Amino acid sequence: MPNTLAPDWLKLPVDANDLAQSVWSRNTSRNQAGELQIAGVSAGELVALHGTPLYVIDEDDFRARAASAKSVLTAAAEKIGSTAKVYYASKAFLSTEIVTWVDELGLNIDVASGGELAAALAGGIDPKRIGLHGNNKSNQEIGRAVSAGVGAIVIDSDIEIERIAAAAGAQDVVQGVRLRVNTGVHANTHDFLATAREDQKFGIPLSEAADLVAKIRSHSHLRFLGLHQHIGSQIFNADGFIESTKRLLGLHAELLAHGDIPEINLGGGFGVAYKPADEAPELGYFAEAIADTVSAVCADLGIEVPVLAFEPGRYIAGPAGITLYNVGTIKDVTVTDQGEPQVRKYVSVDGGMSDNARPALYQAEYHARIAGRKSDAKPALVRVVGKHCESGDIVVSHDYLPGDIKPNDLLAVATTGAYCHSLSSNYNFLTRPPVVAVRSGEARLIIRGETEADLFSRDIRFQEQQKNEKG
Ligand SMILES: *Cc1c(COP(=O)(O)O)cnc(C)c1O
């Protein structure tokens, strides 16, 4: 019998050990002992080496997703007589190691702050292949980007035009820039994630963009590369892209009257499956819908098809990640306010909103499996929660797990490669977990876990106390 506390989309699983292919990274399976393994390394081995919580990246999955993003988007652009530039939106998950993967695979990289820029540069990618975003770049960030030779800075306000022109002028270089436009299209997604409606901070309204482009073009130290849009995140339907792209191309065509425009940047936001019930479209669906729109609109307007730029983040990183937790306390909570009393099993793990803020930020749903063993026990409706002092500290809001789940079980949560490590915090003085990349039977630490010493490293009184004790 399904538990009436379960949402409609959550089906009672036939086998609560099952690893749905749509949410687990491609090299995840169960070994003969029934243990979850990633690229040939068992969950038990991984936590024996690195403890819990632990972020695990299936490196070949990440690489394959990055490579296919590039090839699928390029193929769609080539079909309409153009080419594609694919930027990995690094805020999804960034370390210098990740930069080397993205670089090797021939993708470009997007950054959104001086820190992300520093990481991209330290990862060794050619600065020409970096795009800098942000609605409030400091002069220092702009200066650093210009002197590093970043290929594109995405202008997000009138004020930035002068700032970037001044930095480029001072260094006597010509800086490539895009203009982020808010087309007013509401991507079909969660409200908080939608970034192209009117009443929000990103971009320039469509109606004001032409004046700003004229201003950009009036500066000899700026080169206008094209318009930019990013209509939201975790998008499952191409309709928003189609409408927004039409509007952006309309403006692009008008602007051609006063000079060439080599590119158009259509952003990222391609959705992924977080739970088995999610039916995320293939990237090819978006790529073709967008390319067909571009081709038709350009033919209609009698203009040349520009180079298409894209910025997938989550699509590349999300499904390649898994978080491993240790199960601590378990509580059966009887809920009586929905008719017949029903039990929800609260399973607490040794992390939570500090390593995955998305459920608390966006009511994001995730999917879990016991990682250390298989179980034939009847599935129970669970809510996996963290150890923080917040009732909204949820890791997996709704799922069925074997009813015999117990303290010290290892729990794996799927699709945690994007916006988990990058949004992590030290809330409640928890140390941020390490990140391990697994490939062909080998686990390689790419970001070490924080220690208590790290937590106190910025605490002045603590540091002085230590110094005095030593002295
Ligand atoms: C965050 C962001 C992206 C990537 O979004 P995903 O949903 O991870 O694909 C792309 N472009 C811009 C400008 C962004 O801010």
Side-chain angles (χ1 to χ4, degrees), residues 62 65-66 68-70 72-73 84-94 98 102 107-113 116-117 120 130-137 150-157 160 177-183 185 187-197 200-204 225-238 240-241 244-245 248 263-274 278 280-283 285-287 290 308-321 357-358 361-362 364 415-423:
F62 185 108
R65 299 187 69 86
S68 99
K70 183 171 187 222
V72 166
L73 292 164
K85 280 188 173 176
V86 182
Y87 290 79
Y88 167 60
S90 72
K91 71 178 192 284
F93 176 59
L94 177 61
I98 297 293
V102 168
L107 283 83
N108 306 312
I109 204 159
D110 261 356
V111 297
S113 73
E116 286 184 358
L117 173 60
I130 298 176
L132 173 65
H133 278 279
N135 67 298
N136 186 23
K137 306 165 198 77
V150 157
I153 300 181
V154 182
I155 293 173
D156 194 78
S157 63
E160 281 186 342
V177 297
R178 305 179 194 278
L179 182 68
R180 181 164 180 171
V181 174
N182 178 2
T183 60
V185 172
N188 181 19
T189 179
H190 190 287
D191 265 0
F192 295 177
L193 295 177
T195 54
R197 283 166 302 154
Q200 46 88 13
K201 70 175 186 174
F202 290 111
I204 302 295
L225 298 173
L227 300 170
H228 173 274
Q229 70 175 22
H230 175 63
I231 61 168
S233 239
Q234 186 57 2
I235 299 168
F236 272 41
N237 185 306
F241 278 111
S244 187
T245 300
L248 202 66
E263 303 173 9
I264 192 165
N265 189 324
L266 304 168
F270 313 108
V272 302
Y274 281 96
D278 292 341
E282 300 279 328
L283 187 58
Y285 154 78
F286 291 108
I290 293 169
L308 308 184
F310 297 95
E311 308 175 310
R314 179 194 323 267
Y315 175 84
I316 291 171
R358 294 189 65 257
L361 271 178
Y362 313 117
T415 333
T416 59
Y419 304 109
C420 287
H421 178 268
S422 60
L423 280 168

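Bear in mind the structure is a predicted one, so any value in this text is a computation, not a measurement. For ligands, and for the atoms within them, numbers begin at 1 and follow the listed sequence.
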- Query: Quick one: does I130's side chain get under 4.5 Å of N108's, heavy atoms only?
  - Reply: no
- Task: Flag this pair as yes if the NZ/CZ of R180 is under 6.0 angstrom from the six-membered ring centre of F202 and inside a 45 degree cone about the axis; otherwise no.
- Result: yes
- Under 3.5 Å, is there a donor-acceptor pair linking the side chains of S244 and Q229? yes
- Query: Does a salt bridge link K91 with E116, judged by any charged N lying under 4.0 Å from a carboxylate O?
  - Reply: no
- Message: Could you check whether H230 and H133 have their ring centres less than 6.0 Å apart?
- Response: no
Using a cut-off of under 3.5 Å, which N/O atoms of ligand 1 pair up with protein N/O atoms, and what distance separates each pair?
| unit_1 | atom_1 | unit_2 | atom_2 | d |
| --- | --- | --- | --- | --- |
| ligand 1 | 7 (O) | S233 | OG | 2.4 |
| ligand 1 | 8 (O) | R314 | N | 2.7 |
| ligand 1 | 8 (O) | Y419 | OH | 2.6 |
| ligand 1 | 9 (O) | G269 | N | 2.8 |
| ligand 1 | 9 (O) | G313 | N | 3.0 |
| ligand 1 | 11 (N) | H230 | ND1 | 3.4 |
| ligand 1 | 11 (N) | E311 | OE1 | 2.8 |
| ligand 1 | 15 (O) | K91 | NZ | 2.7 |

- Query: If only atom types and distance count, is the side chain of Y274 paired as donor or acceptor with the main-chain N or O of T415 below 3.5 Å?
  - Reply: no
